[in-house]
Structure formats: structure tokens, C-alpha cells
Amino acid sequence: MATGHTTHDDEALDRELAGLLSVERFDPPAEFRASATLNDPSVYAEADRDWQGWWASQAEKLHWFKKWDQVLDDSNPPFYKWFVGGKLNISYNCVDRHVEAGNGGRVAYHWHGEEGDERDITYADLHRDVQRFANALKDLGIKKGDVVGIYIGMIPEVAVAMLACARIGAVHNVVFGGFSAESVRERMEFSEAKALITVDGAARKGKIAAVKESVDAVMGDLPHLEHIIVVKAKGTECQMKDGRDVWFHEIMERAAPECPAEEMDAEDPLFVLYTSGSTAKPKGILHTTGGYLTGASATHRLVFDVKPESDVYWCCADVGWITGHSYIVYGPLSNGVTSVMWEGAPDYPHKGIWWELVERYKATIFYTAPTAIRACIKWGSEHPGKFDLSSLRLLGTVGEPINPKAWLWYHKVIGGGRCPIVDTWWQTETGAIMITPLPGITSTKPGSATQPFPGISVDVVDEREGKPIDEGQGLLVIKRPWPSMLRTLYKDDDRFVEVYWKKFGKETYLVGDAARRDKDGYYWVIGRIDDVVNVSGHRLSTAEVESAIVACESVAEAAVIGQHDEDTGQAITAFVTLQGDRQGTPEEEDLIRAGVAERIGKFARPKRIIFADDLPKTRSGKIMRRLLRDIAEGRALGDVTTLRDPTVMAALEEKIKAEHAAED
Ligand code: WT7
């Protein structure tokens, strides 16, 4: 039933939510618990008692051509191997298996385009297209172990492309559609991709971006890149370079229809996904086959309590992020579930489009990010109020800590007070959800991701010695290997060891987040401890943005920090010095933002730019970002004794004062 909220209701709602802030725990509703796949808390103790056995029991739910000889090989930490000797194919598990079980007619994706066009893709459709495309890739000379880039956006062909790679053992490297072509080129170069699959054009809120054209403009002559395969998605004009570029539909037509799934080793690479680290160079997170699918599949089945026959599941992330890999493609397909795939943004063609689609497809499970929930709150509850959301039975969030007020709004307005919320903490590196409620078992506390998933062992430790902190804040670490863990950084084992395994030894994975454990043992993730900024759930490194700014003409130096932001969680603030004696102007600000959009993507543009004559540095010339953070937040400055030139900070303080005066 549509409830038809009005602005007046929003005020009443606000009061109601304020009242709920004092509720400490929300128990799983009795009805939900009764039908939940997991509803007995003893699963935690059981999984702990024999955690390798627990993971093996999850892996057994998949199809293996040959079973493993050893669950875990931990003889060379931190290079762990899972399901050693096992043989499987991920596309077989995600597609063939369901067709063979007689479920080929089940919809895999209800795809909905920005302009209202619809396509229902069944498992049988996927089976047909994936085989053909796998053959087409082979026809182009793509072999097991070759890297294939994918820059497509939210259309069904993206899943076909990923699964076709998995079918023949090619390693996919998906780049989020919001990244610029320049970022795509960089990622193709780092991974020595042999082919890139892209689109002629992509829909962006009513406009069509000429994707192929912008790729052409920067791709140059990458020595390894032999083919660009173009999906005709929008009929956008584009050039096809002879000998390099081919149309997806043409090579599909020519390809043979049958392609048996390759028997892959459990530890064969499945994909590399670039993500931001502490330096300007993104990290190529490498995931392999057996362990990754075990983690993605088990967590999807149990955290979202999916019932393949009846659920309609919708994760509104983008496939270009790990969330899309694990919870739009591999998790849901391996479980034979029906998903919704939405091409566009949450506010186009109108601010209630998500809720319109929930009603239209009778979605039962909905998974999004806190930043999107905050945007919906801002737009007002009249938008969801226009639609029937009674099909929903479970809600999820991911990407950043959720503030209790947003949690309560989600619970009340979207979930009608009856849906459990799973706040899922994890990372590109972990491959699958690590800390989360189990919706039929765990009592939730708004803002806490609650407890580690069965079989996972985490801790909060002190920065210096790595000793556990029972109650209070420290560094989050993971203490046991888990199947879907990253195996290395692509072609950079040294950096892998250095970043994640150096601080506390090769058996303790350093997450990079600060967290707190409360008196009930619940985990509250606070945020990153490194130079990684989380803007709307998009991970960015300050160094990456700095180097994009410094590449702008007339910029001499830049220092970037993350600042708290009501809408996006964190926002980027850039301190910039210009060459010569030039003063920054609004035009100069625009140029810098445009430069960042071109080099990284629009989402990385700094919200606030502060021009300065000089930046605070130590005697050895290191920029003191800590002081910049203090000054940007209007806090008293911390220790300034190592500052080379104290007058720099005084000048900056003047600047910020002037900025505030101009705002008033
Ligand atoms: C970082 C990982 C995993 C998919 C999305 C992001 C933050 C993620 C939560 C959560 C608090 C969270 C952490 C983490 N994060 N989920 N539920 N509560 N923080 O993947 O881009 O690899 O970023 O996102 O800081 O380290 P990612």
C-alpha cells in the first residue's frame, strides 16, 4: 500500500525517529526468524570449532569437477591457498548448473533501462550468450590467464562478459563506468590487458556519453592491447579502428554456440580489480576461483537469506565495484536467484525511481549504501511514499558506517518497520562480507555491523603492539585466513606483504580501518586510518587526487584531505599552491575540478579548494596533512614543533577566515 507521505508527515516522522534513537537493539522479527535459513545461534560456535570444516561445508554447495585434496594450505603465509587441487568453473556454477536443474526459464536479471526499456534475461539466455561470447573471445586469440578489461556500465552484457571470461579462464579487469577513460587506460596498462570490452555510448541521466570516443582519445598504442570489443548499446556514432576494433554482435554471430566450461584450478585467477591505496598508484586486488566463489556465494545465501524460488533481490551498486562483482554477479547467480539490474541513477527520471522499481518487480531484498539513504532522506519520504514497498522483507547497507538516524529512516520508511537491516562491513580485498548481522539470528544496533560472519575471526588491537583491546577503539585486524581473501596485488607481491601483513606479522591481516568493540562484543567500524578517503562509498586515495591536481597547468603543489560531509560521508578538500605569484580564481577552481574529472572521474572532484601561498611542511619537506586537517575543521592546531616555517600556518588561518567571512 502506498502511504503517500507529505512534508507535514516528515516532521512527524522526524519526531518518531528521534524517539527510536534510544532503542538499543532491534531483534529479528519472529516471522522472519521462523523462515530464515539460519536461525540458531549455535552456528557461530560450530563454525569456530572447526572453521576450515565450516568453509569446506560451504564449498560443497558448489559444483566441483574434482574435489579438493586440502582445504587450506597455510605453509607460506601470507600467500594462502584454498581448496588445493580442486577443479571448478565459475560460469558453470553460475549458469549451467541452474539450467541443468531445470531452472533455465528463471529470470536472472530484470534489467530496467533509464528510459524505461526492459529486458528479462533468463538463466537459459545467459547460458546461450555466455557460451557464444566465450567462443568469440577464443576466436580473437584470448587464452587462459590473459587479462581482459571491461568498461561497460549497468547493462546485462557486463555479466555476460564477466562470465565468458570466467568460462575460459581469462582474468577480467572491470573498471567502474564513473572512472574516466584516462583511468581505464592506466588500468589496462598496469594489468597488460590484451582486450578491452566497452560500449559505443552509455546513458547518464538522460544524456548519452560517447564512451568509445573518449576511450579512443586516450588509448594510444598500448603494446599489449590487441582488441577493443564494442557493444552497440545506444547507437552512438564511433570510429572502428581496422584490425583492432570489433562489434560485439558481429563476433557473437560468427562464434560457435557451444563452449564447454574450462576446468579451472581452485587457485586460478578470476579477476583483478583496481582500488585506491595510500599512494597514487591504484592496487590491483587479485581474486582467485574456488575460495572467492565459496565466500561470495555463502555470504550472499546466508546474509541475505535468499530463497531462489521466491526472492527478487536487488543490489543497487555498480558492477564496477567489488559490491557489484560479489553481490550483483557472482553471489546471486551462483545461488540461482532473480535480481533487478537498474541502469541508472537513483534520481532519474525522478527521485522515486528506485521505489517504483521495487513495486514493479516486487523486490524482496534491497541492498544499498548509506550515502544513497541520506540522499533519499533529503529528497523526502513522499517519494517512497508513493509506491507499494510491502514486498520488501530484508534490507542491507554497505560502504561506510551508517549513522543511526539514517538506519532508523531506512528501517521505518523503506522497511515499514518489519524488515531486518544487515549492515555489512567488508572490502575489495576481503572479496565477501566479513562483519554482519545474520538476519534471522542477530539483534541489531543501528550503526554497528555487529558480529563477524561464522568462521571469520576479527579483533580490535592497539596500534603499537597489536594487543587486543576488549572495549574501546583500536585497529581492526582479521586473524585467520578466509576463502575469498585477496591472494596478492597483481604483479606486486612485495607491496601486498608490505601493506597488509607487515605491521602485525604474516598471520594478521591489517584492515586499514579503526574500530571499536562495545560491552556486548559488537563491532563499530569508525573509518580508515590511512590516506584513503571514502566519498559516497567510493574509495579514493589522497595521493591519487593530489597527483591529478598537480598535473593541471599552473598548479605547483597540492595536498588533499578528507573532511566529514553530511551527504557523501567524506568529501575532498584540496589545498593548492599555484605557480608564480598567481592568486587562485573561481575559473582556476573550475579548471582543477575539470582536470580531476578527466584524470580520475567526476566523483573525485574536490568539493572545497583552498588556494595557499605555501603548504605546511616538516624540515625534511613532508607536507603536514595533520595540520591541514586541523585547520580545515577549525580545530586548534596540534603539535607544530616539527614545522619548518610557522608563518605558513598563520597565512593559511587568515585564508580560511576570509573564506568564512565571504560565506557569511
Ligand atoms: C572500506 C572498503 C565492500 C564494498 C564497498 C566498499 C568501508 C565498507 C562498511 C560498513 C563501515 C564500511 C571501510 C572499508 N566500509 N563497508 N558496513 N561500515 N565502513 O569497498 O571500496 O574496498 O572500501 O569501506 O572503511 O575499509 P572498498
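As the structure lists them, so they are numbered: ligands from 1, and atoms in each ligand from 1. Please read these numbers as outputs of a predicted model, since none were measured by experiment. Computed over heavy atoms, backbone and side chain alike; hydrogens, waters and symmetry mates excluded. Count residues from 1 along the sequence.
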Write 'none' if nothing qualifies; otherwise put on separate lines each N/O atom of ligand 1 with a protein N/O atom under 3.5 Å away and their distance to 0.1 Å.
{"unit_1": "ligand 1", "atom_1": "15 (N)", "unit_2": "G399", "atom_2": "O", "d": "3.2"}
{"unit_1": "ligand 1", "atom_1": "16 (N)", "unit_2": "G399", "atom_2": "N", "d": "3.1"}
{"unit_1": "ligand 1", "atom_1": "17 (N)", "unit_2": "D423", "atom_2": "OD1", "d": "2.8"}
{"unit_1": "ligand 1", "atom_1": "17 (N)", "unit_2": "T424", "atom_2": "O", "d": "2.8"}
{"unit_1": "ligand 1", "atom_1": "18 (N)", "unit_2": "E400", "atom_2": "O", "d": "3.4"}
{"unit_1": "ligand 1", "atom_1": "22 (O)", "unit_2": "T428", "atom_2": "N", "d": "2.8"}
{"unit_1": "ligand 1", "atom_1": "22 (O)", "unit_2": "T428", "atom_2": "OG1", "d": "2.5"}
{"unit_1": "ligand 1", "atom_1": "22 (O)", "unit_2": "R539", "atom_2": "NH1", "d": "2.7"}
{"unit_1": "ligand 1", "atom_1": "24 (O)", "unit_2": "G399", "atom_2": "O", "d": "3.4"}
{"unit_1": "ligand 1", "atom_1": "25 (O)", "unit_2": "D513", "atom_2": "OD1", "d": "2.9"}
{"unit_1": "ligand 1", "atom_1": "25 (O)", "unit_2": "D513", "atom_2": "OD2", "d": "3.0"}
{"unit_1": "ligand 1", "atom_1": "26 (O)", "unit_2": "Q427", "atom_2": "NE2", "d": "3.0"}
{"unit_1": "ligand 1", "atom_1": "26 (O)", "unit_2": "D513", "atom_2": "OD1", "d": "3.0"}
{"unit_1": "ligand 1", "atom_1": "26 (O)", "unit_2": "D513", "atom_2": "OD2", "d": "3.0"}
{"unit_1": "ligand 1", "atom_1": "26 (O)", "unit_2": "R528", "atom_2": "NH1", "d": "2.9"}

Interatomic spacing from CE in M162 to NE2 in H325 - rounded to 0.5 Å:
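Reported value, rounded in 0.5 Å steps: 4.0 Å.
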Identify, with sequence neighbours excluded, every residue that meets ring-ring contact (aromatic ring centres under 6.0 Å, His included) alongside F26.
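Expected list: W407, H411.
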Sequence neighbours excluded, which residues qualify as ring-ring contact (aromatic ring centres under 6.0 Å, His included) partners of Y109?
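ring-ring contact (aromatic ring centres under 6.0 Å, His included) list for Y109, sorted by chain: empty.
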Are D311 and R393 close enough for a salt bridge, meaning some N to O gap below 4.0 Å?
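Answer for the salt bridge query: yes.
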May I have all residue pairs that pass ring-ring contact (aromatic ring centres under 6.0 Å, His included) and include part of residues 502-521, sequence neighbours excluded?
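Passing the test, one end in residues 502-521: W482-Y509, Y500-Y509, W501-Y509.
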E544 vs R599, test: salt bridge (Lys or Arg N to Asp or Glu O under 4.0 Å). Steps then yes/no.
CA-CA 10 Å; E544 212 174 336; R599 284 175 197 100; over 6 Å; no
